[in-house]
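Note sheet for the following structure.
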Amino acid sequence: MLDTTETQYDRVLGINLKGAFFGTQLAARRMIEQGGGGRIINISSVHEDWPMPGNTPYCLSKGGMRMLTRNAGVELAPHGITVVGVGPGAVATPINVSTMQDPQLMAQLNAAIPLGRLAAPEEIANLVVWLASDEASYVTATTIFVDGGMMQFSPGL
């Protein structure tokens, strides 16, 4: 937090929060124009609710996405539009390549995940597919975390 520049802060908030806000707004306007409601699914992160020291702007942007999802879900409900966030934990994607290539870091990360492994991208996609379906028509204004239990983990004493 102490070393973050305004430029770094603006970049992270601009991409993660401003982009999500105006993407949600654009999608909602189009859905209202077309009639019939719709589904808006924001991809966030466990870090909308789980601190990550050293990455304060990122966590702020994801916390903002949580409130964007909640507010938009409530505001757009009368139009038949649901808004849901998906909060992945650690996923085997390019953002985690350096961790995945370091056996010691991987062991530490896996130890912090009750299921003991990173998610496959398809595991996140499966939730998104369900949320986009009629089966999820009553889910709105919330975030669903897909994290292998990571946010609930406690190493104990």
**Prompt:** Which pair of heavy atoms, one from Gly148 and one from Pro114, lies closest together, and at what distance?
**Reply:** O-CD, 3.3 Å
**Prompt:** Taking atom CD of Glu33 as the centre, does the number of heavy atoms from other residues, nucleotides or ligands within less than 6.0 Å exceed 12?
**Reply:** yes
**Prompt:** Same hydrophobic cluster for Leu17 and Tyr9, using side-chain heavy-atom links shorter than 4.5 Å among ILVMFWY?
**Reply:** yes
**Message:** If the condition is side chain to side chain donor-acceptor pair (under 3.5 Å), which residues does Glu135 pass it with, not counting sequence neighbours?
**Reply:** Trp130
**Asked** Hey, quick one: are Leu118 and Val146 part of the same hydrophobic cluster, counting side-chain heavy atoms closer than 4.5 Å, chains of contacts allowed?
**Response** no
**Message:** Treating Asp102 as the side-chain partner and Leu105 as the backbone partner, does any N or O pair qualify as donor plus acceptor under 3.5 Å?
**Reply:** yes
**Message:** Minimum heavy-atom separation for Val83 and Thr140, please, with both atom names.
**Reply:** N-OG1, 2.9 Å
**Request:** For the residue pair Gln8 and Val12, establish whether any side-chain heavy-atom pair is separated by less than 4.5 Å.
**Result:** no
**Prompt:** Are Ile15 and Met65 joined in one hydrophobic group, where the rule is that I, L, V, M, F, W and Y side chains link up if heavy atoms are under 4.5 Å apart?
**Reply:** no
**Asked** Tell me, do Arg66 and Asp49 make a side-chain contact under 4.5 Å, heavy atoms counted?
**Response** yes
**CD1 on Ile41 to OG1 on Thr24, rounded to 0.5 Å** = 11.0 Å
**Prompt:** Once you round to the nearest 0.5 Å, how far does CG of Leu76 lie from CD1 of Ile32?
**Reply:** 5.5 Å
**Ser137 vs Thr82 side-chain heavy atoms within contact, under 4.5 Å** = no
**Message:** side chain to side chain contact (heavy atoms under 4.5 Å, CB included), that's the test. Do Asn16 and Lys62 meet it? Break it down for me.
**Reply:** CA-CA 7 Å; Asn16 290 350; Lys62 297 305 181 177; 3.9 Å; yes
**Asked** Should we count OH of Tyr58 as having more than 12 external heavy atoms under 6.0 Å?
**Response** yes
**Request:** Might you point out which heavy atoms bring Pro57 and Thr4 nearest each other, and give the distance in Å?
**Result:** CG-CG2, 3.6 Å
**Euclidean distance, Glu48 CD relative to Met151 CE, rounded to 0.5 Å** = 7.5 Å
**N/O donor-acceptor pair under 3.5 Å between Glu123 side chain and Ala120 backbone** = yes
**Fill in**
Value for CG (Leu68) from NZ (Lys18), rounded to nearest 0.5 Å, stands at 14.0 Å
**Prompt:** Shortest non-hydrogen contact from Met100 to Thr93?
**Reply:** CE-O, 3.6 Å
**Message:** Taking atom CE as the centre, does Met1 end up with more than 12 heavy-atom neighbours from other residues, nucleotides or ligands that are less than 6.0 angstrom away?
**Reply:** no
**Item:** Distance, nearest 0.5 Å, that separates CD1 of Ile144 from OG of Ser44
**Value:** 12.5 Å
**Prompt:** If you look at every heavy atom in Thr142 and Val139, which pair is closest and at what distance?
**Reply:** CG2-CG1, 4.1 Å
**Prompt:** Would a hydrophobic clustering, with Ile, Leu, Val, Met, Phe, Trp and Tyr connected at side-chain separations under 4.5 Å, put Val46 with Val86?
**Reply:** no
**Request:** Rounded to the nearest 0.5 Å, what's the gap from CE on Met67 to OG1 on Thr143? Could you check?
**Result:** 10.0 Å
**Prompt:** Is there a donor-acceptor pair closer than 3.5 Å between any side-chain N or O of Asn96 and the backbone N or O of Ala92?
**Reply:** no
**Asked** Taking a hydrophobic cluster as the set of Ile, Leu, Val, Met, Phe, Trp and Tyr residues connected by side-chain heavy atoms closer than 4.5 Å, whether directly or through intermediates, do Val91 and Val84 fall within one such cluster?
**Response** yes
**Message:** If I compare all heavy atoms of Met150 with all of Gly89, which pair ends up nearest, and what's the gap?
**Reply:** SD-CA, 4.3 Å
